[in-house]
Amino acid sequence: MQYTSTRNNSINASSSFAIASGISSEGGLFVPTEIPRITDDFIESLVPMTYIERARAVLSLFLTDYTAEEIEKYTLGAYGTGFSSAEVAPTVPLGGELNILELWHGPTCAFKDMALQLLPYLLTGAAKRVSDGKETVILVATSGDTGKAALEGFKDVPGTRILVFYPENGVSPMQKLQMTAQTGNNVGVSAIYGNFDDAQTGVKRIFTDEKVKAKLAAHNMAFSSANSINWGRLVPQIVYYFSAYADMIKLKKTRNGEKVNFTVPTGNFGNILAAYYAREMGLPVNRLICASNANNVLTEFLTTGRYNRNRPFFTTVSPSMDILISSNLERLLYHLSGNDSETVKKLYSSLSATGEFTVDGAILDKIKEIFAAGFCDDTETKATIANVFKNGRYLCDTHTAVAVSVYKKYTAATGDTTPNVIASTASPFKFSKAVLEAVGDGKAMPSDEFEMVDALEKLTGTPAPSQLKALKGAPVRFEKTVKKDEMEGAVYALLGING
């Protein structure tokens, strides 16, 4: 299996090179040159397997320069401990055609753990092959969950340092505390004045700046990424769509070969792109339903072909989706354009220059064949949390509620009764204030974050994750906030390099 770049398809690289590099030198994203195809027998073989065994089966199709022994060791290390569910990512039926894929049982209570518990193994394994002994510097922009999951995954991993940038007012209080109180001798965290798109743009600019790369090289360091621009972040996410389908067979909610829908809350498009890869591999998928909050740039694009980031930016109760520049969309456009890197370059040059681009014709037709899309605002999100809890005694977070709301709108508009799986992305206790407001029937709101956690736990009878409760009283280590144009200097400072 070889990889190329969305902006230069003459590149031919191994998975180790793609993962160690994080992003291609010209700013493109690494993609597989071909997508492996699976059979019904492959899917049937997954049904009795554990999650770890399913992960090995899927990952081995993409990571062909890693040995079977390495993949076995890495998956056991990633998923063998640290998850509160023995199933790692269980599928929970909620009645009718609605099923919840719980992706938040890992150490940071968010779906990012599904990839970021594995990525340190993949990256250190890759570095041994291609990095010539350089220390790997992981640079991360986060809208909330990636930052903590990456920090937790890479803390004290030999040969690595990790630096995380997050928008000062763009994450929940619990997400912020998880990052700023992070332990580890190789970690650094900084807020920025701006939103996630500003952080992401800054990180990409630093990544591709030859002067910055040269300065790191002089100190025997090299960049990589833990954002989903890194193929090593994305490929583990493909696994859980196969696992969910196998669970649906085991639960007798579908039969092998019958199609299901997946509804995915997404801002940066990585989570739903992983479902797209699973579909292209042959997983029986009818529609991929993209769920957005009020920052509905993806809804407009998937329904009209126009991508326009020149719009108001909303700070919502589902902050991990407060994104207007969806990086992983670039990979989808590469594949749907017939692997045409020149087309992708033109589209993203237009996005950089004007803030928008438009696709039509065959590309738009393919998008509409595969995807449906919708969005909801904060009022609808909270109403959905309340209704799901009232009707099923199931407590969901703000991002999962967006997906449930969009799914219900989709079925009302289409009459589609295909069995559906909702990708549930976080514990509700990471967003206690919004969730408590939704289910609290107007009761007085505690002022302290941990009092909110206790109140939500008591009101709903749902146990709060111990790792969140343990943050109470944790000392804050990282309090710095920088301007967007100061991010490069912050990198040098966090690394102890003179700028």
Side-chain angles (χ1 to χ4, degrees), residues 1-38 58-66 115 118-119 122-123 126 129-130 200 203-204 207-208 223-242 264 266 268-283 285 288 290 298 301-302 307 325-349 351-352 357 359 362-363 366-367 370-371:
M1 174 66 69
Q2 293 293 296
Y3 292 81
T4 191
S5 169
T6 53
R7 301 189 191 184
N8 180 4
N9 62 11
S10 67
I11 288 172
N12 201 40
S14 68
S15 61
S16 291
F17 183 87
I19 290 169
S21 302
I23 190 171
S24 189
S25 59
E26 82 293 336
L29 307 185
F30 287 105
V31 291
T33 55
E34 59 180 324
I35 297 174
R37 296 287 299 178
I38 53 90
V58 175
L59 292 170
S60 65
L61 300 175
F62 286 99
L63 306 177
T64 54
D65 58 326
Y66 290 81
L118 182 63
L119 181 60
L122 296 178
L123 189 58
R129 292 178 171 87
V130 302
Q200 180 170 249
V203 163
K204 281 189 172 182
F207 252 109
T208 55
F223 280 133
S224 190
S225 173
N227 283 100
S228 56
I229 56 174
N230 190 321
W231 179 250
R233 251 291 304 278
L234 193 58
V235 68
Q237 295 180 257
I238 299 171
V239 173
Y240 52 69
Y241 291 104
F242 278 92
V264 185
T266 188
N268 218 14
F269 207 72
N271 201 4
I272 199 166
L273 182 68
Y276 165 80
Y277 279 118
R279 183 184 188 275
E280 292 302 294
M281 291 171 70
L283 191 70
V285 175
L288 298 176
C290 179
L298 285 170
F301 174 73
L302 294 173
Y307 194 95
I325 304 175
S326 303
S327 284
N328 273 289
L329 188 63
E330 181 170 335
R331 284 186 166 112
L332 178 71
L333 292 171
Y334 176 81
H335 293 301
L336 295 187
S337 67
N339 303 338
D340 187 343
S341 56
E342 289 303 314
T343 292
V344 172
K345 279 200 295 187
K346 288 176 183 176
L347 292 174
Y348 280 85
S349 292
L351 183 65
S352 178
F357 62 74
V359 301
I363 293 178
K366 290 176 185 176
I367 288 171
I370 300 168
F371 294 91

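- In this structure, CD1 on Ile23 lies 4.5 Å from CD1 on Ile229, to the nearest 0.5 angstrom.
- A distance of 5.5 Å separates CD1 in Ile11 from OG in Ser25, rounded to the nearest 0.5 Å.
- For the pair Asn328/Thr266, no side-chain contact is recorded, criterion being any heavy-atom separation below 4.5 Å from C-beta on.
- Within the 4.5 Å cutoff, no side-chain heavy atoms of Phe269 are placed close to those of Tyr276.
- Here the side chains of Tyr307 and Leu302 are not in contact, with every heavy-atom distance at 4.5 Å or above.
- Annotation: cation-pi pair Arg129/Tyr66 present, NZ/CZ under 6.0 Å from the ring centroid and within 45° of its normal.
- Val239 is not listed as a side-chain neighbour of Phe242, based on a closest heavy-atom distance of 4.5 Å or more.
- Residues satisfying the salt bridge (charged side-chain N to carboxylate O under 4.0 Å, His left out) test with Lys345, not counting sequence neighbours, are Glu342.
- Counted by atom type alone, Asn268 and Ser326 present zero donor-acceptor pairs between their side chains at under 3.5 Å.
- With values rounded to the nearest 0.5 angstrom, Leu329 atom CG is found 9.0 Å from Cys290 atom SG.
- Side-chain atoms of Thr343 and Asp340 form a donor-acceptor pair, as typed in the model, at a separation below 3.5 Å.
- Remark: side-chain polar atoms of Thr208 are paired, donor with acceptor, to backbone N or O of Lys204 under 3.5 angstrom.
- Interatomic distance, OG of Ser21 versus CG of Leu123, reported as 9.5 Å (0.5 Å rounding).
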Q: Evaluate the side chain to side chain donor-acceptor pair (under 3.5 Å) criterion for residues Asn8 and Ser341: first the C-alpha distance (whole Å), next the side-chain angles of each, then the deciding distance (0.1 Å), finally the verdict.
A: CA-CA 6 Å; Asn8 180 4; Ser341 56; 5.4 Å; no
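- Summarising the geometry, atom CG belonging to Leu63 is positioned 5.0 Å from atom CD1 belonging to Ile19; distances are rounded to the nearest 0.5 Å.
- Counting only distance, with no hydrogens or angles, the side chain of Arg37 and the backbone of Glu280 share a donor-acceptor pair below 3.5 Å.
- A side-chain N or O of Thr6 and one of Glu330 form a donor-acceptor pair less than 3.5 Å apart.
- The two residues Arg7 and Val344 come nearest to each other via the heavy atoms CG-CG1, 4.3 Å.
- In this structure, the side chain of Ser224 engages the main chain of Ala20 through a donor-acceptor pair within 3.5 Å.
- A donor-acceptor contact under 3.5 angstrom links the side chains of Ser327 and Gln200, judged on distance only.
- Taking each heavy atom of Asn230 and Ser225 in turn, the nearest pair found is ND2-O, 2.7 Å.
- Side-chain contact between Ile272 and Leu332 is absent, with no heavy-atom pair separated by less than 4.5 Å.
- The distance from the CZ atom of Phe62 to the CD atom of Glu34 is 10.0 Å, given to the nearest 0.5 Å.
- By the 4.5 Å heavy-atom criterion applied to side chains, Tyr241 and Val285 are not counted as neighbours.
- Across all non-hydrogen atoms, the minimal contact from Ser16 to Val130 is O-CG2, 4.1 Å.
- The side-chain heavy atoms of Leu347 and Val359, taken from C-beta on, include a pair separated by under 4.5 Å.
- Checked against the 6.0 Å centroid threshold, Phe30 and Tyr3 do not count as a close aromatic pair.
- Scanning both residues, Ser14 and Gln2, for their nearest heavy atoms gives N-OE1, 3.9 Å.
- A pairwise comparison of heavy atoms in Ile370 and Arg279 identifies CG1-NH1, 3.5 Å as the closest pair.
- Counting only heavy atoms from C-beta outward, the side chains of Leu59 and Leu118 approach each other to under 4.5 Å.
- With a 6.0 Å radius and a threshold of 12 heavy atoms from other residues, nucleotides or ligands, Phe371 has its CZ atom above the threshold.
- Ser5 and Glu26 share a side-chain donor-acceptor pair at under 3.5 Å.
- Tyr277 pairs by the ring-ring contact (aromatic ring centres under 6.0 Å, His included) definition with Trp231, His335, not counting sequence neighbours.
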